[in-house]
Amino acid sequence: MRGGAARRFFAAPLINPPERLKAGLQAYRETLPVGAKGDTALAFSVHVTTSRAQARQDTEAGLLRFLREAAERLRPVGQADIKSFEAFRQVLARIERVRYEDVESEMAVYGDPDYCVERVQALRREYGMDEFICYFNQGGIMDHAMVRQSMTRFAREVMPHCR
């Protein structure tokens, strides 16, 4: 805990559409004591490489696999269609509509180091997050050496410019 505030994690914009996520973050911040800093974290898929085109080539298959697997796991079991599943149905419908371009624009930091610095800074301004959580191999099928290289680039060429 920092500043007496409890750690609060908000799912990435894929699960909570950006406007709903921003409203949730604002509501949370309003519960904090005056002058207290929030301790909010957001999770994003990250891949730092030579270009946005290369990032797409490296990440698209794993990312789409992850989304399809997530959608399958959210499906209610059996034929029952209970109102309590409405929130799950909304998330499921959103996941099933998602394309690579949607992920890249809403919940990812993919590209060369300079672009990634700009993107992280823009996301921090947009969401006012205190912590930035990175998923470097969403979908789990990327080559280990490629993931390690992306993580190293992020640590050396992006993080120092995003504090």
Suppose we screen for ring pair (Phe, Tyr, Trp, His ring centres under 6.0 Å). Which residues come up paired with Y115, at least two apart in sequence or across chains? none

Might you point out which heavy atoms bring [X] and [Y] nearest each other, and give the distance in Å?
X	Y	result
H161	E157	CD2-O, 3.2 Å
C116	G111	SG-O, 3.4 Å
R29	M129	NH2-N, 3.9 Å
Y127	L25	O-CD1, 3.5 Å
F44	E106	CE2-O, 3.8 Å

Identify which one of D130, L21, L123 satisfies the side-chain contact (heavy atoms from CB on, under 4.5 Å) criterion when paired with L42. L21

Exercise answer: donor-acceptor pairs, residues 140-155 side-chain atoms, under 3.5 Å, sequence neighbours excluded:
from : atom 1 : to   : atom 2 : distance (Å)
D143 : OD2    : A145 : N      : 3.2
D143 : OD2    : M146 : N      : 3.2
H144 : NE2    : R148 : NH1    : 3.3
S150 : OG     : H47  : ND1    : 3.4
S150 : OG     : V48  : N      : 2.8
T152 : OG1    : R148 : O      : 2.9

Residue set satisfying side chain to side chain donor-acceptor pair (under 3.5 Å) with R119, at least two apart, ordered chain then number -> none

Verify side chain to side chain contact (heavy atoms under 4.5 Å, CB included) between E101 and R56, making sure each step is shown before the conclusion. CA-CA 9 Å; E101 295 81 4; R56 182 176 189 155; 2.9 Å; yes

Would you find more than 12 non-hydrogen atoms of other residues, nucleotides or ligands less than 6.0 Å from R68 atom CZ? yes

Do S45 and Q138 have side-chain N/O donor and acceptor atoms under 3.5 Å apart?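 A donor-acceptor contact under 3.5 Å links the two side chains.
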
Does [X] reach the side chain of [Y], with side-chain heavy atoms less than 4.5 Å apart?
X	Y	value
T59	Y100	yes
V158	V117	yes
R125	Q121	yes

